[in-house]
Amino acid sequence: MTSARPIRVRIAPSPTGDPHVGTAYMALLNLIFARQRGGQFVLRIEDTDRTRFVASSEQMIFDALRWLGLDWDEGPDKGGPFAPYRQSERTPIYLDAVATLLASGHAYHCFCTAERLEAMRRQQAAAKQAPRYDRTCRGLEPAAVAARLAAGEPATIRLAVPPEGSTTFRDQLRGDITFDHHNVDDQVLLKSDGFPTYHLANVVDDHLMQISDVIRAEEWISSTPKHVLLYHAFGWELPRFWHMPLLRNRDKSKISKRKNPVSLIYYRQAGYLPEALINFLGLLGGGMPAAEDAAAEKFSLDDMFARFQFDQIRLGGPVFDLEKLRWLNGLYLRALAPPQFLAAVRAGVFPDAYLAQIAPLVQERIETLGQFLDLTDFFFLDQVAPPPEVFLPKKRTLEETLAVAADLLAALEAAEWEHAALEASLRALAAARQWSAKEVFMLLRALITGKTASPPLLESLLVFGRARSLDRLRRFLEAQAQAPATPKG
RNA sequence: GGCGCCAUCGUCUAGCGGUUAGGACGUCGCCCUCUCAAGGCGAAGAUCGCGGGUUCGAAUCCCGCUGGCGCUACCA
């Protein structure tokens, strides 16, 4: 029933921040799939959410994936037969698709405001009903719609889900999955800002770019019926769906930056070798044949092309275990020839660009070159472990200080990584906690540098990097949670 | 709450009706050794989430339960 068509797969990251380890995982799986079947691997940038858009993100995604050796055949920076590969440059296509849907009755205009929708959901929650669009606008007369549109009233366009029946689709790893239409929401397809939502853009582009196999994370299973409905509405052939297990935190929740370093930038800066990270990712979720000893756990991307088995994938979400990654990384590091190792040290811990940023911070407070490392060691250390004498402000309890440290982590996560924004955020935190700004800055200094004296804090933070700063705070809090410091004196 | 997915040592996994349930990380011990690693050897660690079936026989098949997770946005 499915015609044999060329294998084409894709990853579709959203440029909303640091490149994510989950993106690398999906890229790896897609790349393997494509290489094993002589197919093409496409990179498509899904930048349809203008509120979360981060301009620098796209380039970071390119860099991180290339660093890992997960290169693509077609993409925004390479072009290809289905360009453009950036969704923000494809809006006419989506508008066109939406017009088709409107004409065939598969979609409709919705004039409900965000406020009304919110109120509706609150009511539904209070009545213990499932939060779902109540279809107020679904029955609007065409003339009324035209009039309101003409009057300039903002509108979205929603998918008209059939009121009865159900949609079944085949997941290649799990078999058939059925969703009753009563449980499928009339999803917004086109936002009032004129940009499509994921659901529309993704389906339209997968079809236009002739994607044969959609290999994506498990979190998409519940929206797949909407996608299937769209394919049917357009009369398009369905791709095969492969939903991959989700990477997890230690507590089994979906991997998140709050509980794990998830930024690929972090792994690169913290001195992980791309081969090791790729190897580790390949170990997760089954796929590779069982190892009969430790040496067999080590394998390359080429080994994965040769031996990875998609039908062997385990469906339970694997915990992302840093301990094992570190062990693997050590394996790779120790296997390097001495000149390669030296080169790795230079590139990984003392890159010129990094040193060039650090040097100005200490030049004016230095007397001999020998002091350089004394002043800057925290930039190079894997972690620092300040004792309570260092991080605990006088007249503050350990409990309170740890609470502020947790606030600090949250504040830095939320703040834009830029001097003024960081400073404002720290001062706001101090005010909220009724701490002096000095105390807050001192605490942060202690946690990041491990010392009470350091180069300028904010400047140091900016050079040290967001990913590593957050990780350092997180690890401090984790360590304290496990073995609380005992303040003395 | 609703819907969906999932379920083997702490973690990653092998296992696909008959195994002492295998390997790896981590942990612990011993060896090596000026130290620490690495390396070698070894140990502890899983009544295969629970309860019913099917079967001569179930971690493996079926059902129920429980638990975990995901989705439940004009985010992806």
Side-chain angles (χ1 to χ4, degrees), chain A residues 12-17 20 22-23 45-53 87 110-114 116-118 121 124-133 154-158 166 169 171 173-175 177-185 187-202 216-226 243-255 280-298 311-328 330-331 333-335:
Chain A
S14 212
T16 53
H20 199 276
T23 302
I45 293 292
E46 308 221 326
D47 54 350
T48 56
D49 182 349
R50 308 318 287 175
T51 60
R52 293 201 306 155
F53 179 75
Q87 289 187 329
C110 172
F111 298 95
C112 294
T113 62
R116 194 191 95 70
L117 292 173
E118 204 177 309
R121 282 188 209 104
Q124 289 168 333
K128 302 210 169 194
Q129 291 173 321
R132 238 183 308 279
Y133 180 56
T156 62
I157 290 169
R158 288 181 182 272
S166 64
F169 61 90
D171 178 283
L173 300 175
R174 294 157 234 263
I177 299 176
T178 299
F179 284 84
D180 203 292
H181 288 339
H182 298 296
N183 295 316
V184 183
D185 205 2
Q187 185 60 234
V188 169
L189 301 175
L190 194 74
K191 302 181 251 189
S192 56
D193 66 0
F195 281 91
T197 58
Y198 170 90
H199 308 282
L200 204 233
N202 192 268
R216 71 213 323 183
E218 168 180 36
E219 57 190 328
W220 292 108
I221 290 178
S222 16
S223 34
T224 304
K226 294 167 187 171
H243 292 279
M244 297 299 168
L246 225 34
L247 264 23
R248 309 290 182 93
N249 297 313
R250 279 185 163 288
D251 64 4
K252 305 274 188 179
S253 55
K254 172 165 111 171
I255 196 166
F280 175 66
L281 258 13
L283 240 21
L284 301 179
M288 284 300 275
E292 64 285 359
D293 59 37
E297 304 246 340
K298 189 181 176 193
D311 56 9
Q312 288 295 302
I313 283 177
R314 286 178 51 81
L315 269 11
V319 171
F320 193 91
D321 180 12
L322 266 320
E323 296 278 11
K324 191 151 186 177
L325 206 210
R326 290 176 75 83
W327 167 75
L328 255 182
L331 230 46
L333 246 17
R334 294 191 293 273

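Everything numeric here is computed off the predicted structure, so don't read it as measured data. Quick note on labels: first sequence line is chain A, next is B, and so on, each numbered from 1.
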Sorted by chain and residue number, the side chain to side chain contact (heavy atoms under 4.5 Å, CB included) partners of Leu322(A) (sequence neighbours excluded) come out as Asn260(A), Pro261(A), Tyr267(A), Tyr272(A), Phe320(A), Leu325(A)

Side chain to side chain contact (heavy atoms under 4.5 Å, CB included) filter on Arg314(A), not counting sequence neighbours, yields none

Sorted by chain and residue number, the side chain to side chain contact (heavy atoms under 4.5 Å, CB included) partners of Thr113(A) (sequence neighbours excluded) come out as Glu115(A), Arg116(A)

Across all chains, not counting sequence neighbours, the side-chain hydrogen bond (donor to acceptor under 3.5 Å, both in side chains) partners of Lys191(A) are none

Tabulate atom names and distances for all N/O pairs under 3.5 angstrom spanning the protein and nucleotides 26-29 of chain B.
none

Counting primed atoms, P, OP1 and OP2 as sugar-phosphate and everything else as base, the B/S/- map of nucleotides 31-37 of chain B against protein heavy atoms under 4.0 Å is -------

Ala294(A) meets the side chain to side chain contact (heavy atoms under 4.5 Å, CB included) criterion, sequence neighbours left out, with Trp327(A)

Residue set satisfying salt bridge (Lys or Arg N to Asp or Glu O under 4.0 Å) with Asp251(A), at least two apart, ordered chain then number -> Lys259(A)

Between the protein and nucleotides 1-7 of chain B, list the N/O to N/O atom pairs that are separated by less than 3.5 angstrom.
unit_1: rC5(B); atom_1: O2'; unit_2: Arg174(A); atom_2: NH1; d: 2.9
unit_1: rC5(B); atom_1: O2'; unit_2: Glu218(A); atom_2: OE2; d: 3.1

With sequence neighbours left out, the residues meeting salt bridge (Lys or Arg N to Asp or Glu O under 4.0 Å) with Arg326(A) are Asp382(A)

Applying ring-ring contact (aromatic ring centres under 6.0 Å, His included) to Tyr198(A) and not counting sequence neighbours gives Trp220(A), His227(A)

Sorted by chain and residue number, the side-chain hydrogen bond (donor to acceptor under 3.5 Å, both in side chains) partners of His20(A) (sequence neighbours excluded) come out as none

